[in-house]
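Quick note: numbers below take in every heavy atom, side chains included, and nothing from hydrogens, waters or symmetry partners.
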Amino acid sequence: MILIEAMAVVINNAYNRVEAIRMNTGRSSKRFYHLATIKATPDGFLVVRDRYEMYGSKAEELYTDEFGWADFLADGGTVAIWIEDGMGLSS
């Protein structure tokens, strides 16, 4: 069993640029961490779990505002997964 209380998943079908989707998490003033970015390549899927430089100053973390809104980033042609600080994964 995987237990995650707050996760944001962003799919970006743009060709080759980082885009953000503004979404309300319902979690005010919380920090979200970049868990992984998944990109299809000619050789299969590439999974980036470390700092993803394409995201600039938000490469590792971002914060929701007092109403729970944040701009979650994904590189072109990827799926980016963000989880709330302190939630983690358990099995």
Gap separating the [atom1] atom of [X] from the [atom2] atom of [Y], nearest 0.5 angstrom:
X	Y	atom1	atom2	result
Asn12	Arg17	CG	CZ	7.0 Å
Thr25	Phe67	OG1	CZ	12.5 Å
Leu62	Phe32	CG	CZ	8.0 Å
Glu84	Leu35	CD	CG	13.5 Å

Same apolar cluster (I L V M F W Y, side chains within < 4.5 Å links), [X]/[Y]:
X	Y	answer
Trp69	Ile83	no
Leu46	Val18	yes
Val47	Ile11	yes

Discussion item. Please check if the number of heavy atoms outside Lys39 that lie under 6.0 Å from its NZ is greater than 12.
Written reply: yes

Discussion item. Within the supplied structure, the quantity of interest is the number of heavy atoms (other residues, nucleotides, ligands) at a distance under 6.0 Å from Arg31 CZ; does it exceed 12?
Written reply: yes

Discussion item. Working note: Ile81 + Ile38, criterion side chain to side chain contact (heavy atoms under 4.5 Å, CB included); need CA distance, chi angles, decisive distance, verdict.
Written reply: CA-CA 8 Å; Ile81 304 165; Ile38 304 165; 4.1 Å; yes

Exercise answer: donor-acceptor pairs, residues 70-77 side-chain atoms, under 3.5 Å, sequence neighbours excluded:
| unit_1 | atom_1 | unit_2 | atom_2 | d |
| --- | --- | --- | --- | --- |
| Asp71 | OD1 | Arg22 | NH1 | 3.4 |
| Asp75 | OD2 | Tyr52 | OH | 3.1 |

Worksheet item: Would you find a donor on one side and an acceptor on the other, under 3.5 Å apart, between the side chain of Thr64 and the backbone of Arg27?
Response: yes

Response to the item:
Heavy atoms of Glu61 and Tyr33 approach each other most closely as OE1-CE2, 3.5 Å

Worksheet item: Taking only residues two or more places apart in sequence or in another chain, which ones pass side chain to side chain contact (heavy atoms under 4.5 Å, CB included) with Ser29?
Response: Glu66

Discussion item. Contact between Val9 and Val79 at the side-chain level, heavy atoms closer than 4.5 Å - yes or no?
Written reply: yes

Worksheet item: Can Glu60 and His34 be said to form a side chain to side chain contact (heavy atoms under 4.5 Å, CB included), step by step?
Response: CA-CA 5 Å; Glu60 294 176 352; His34 172 248; 5.8 Å; no

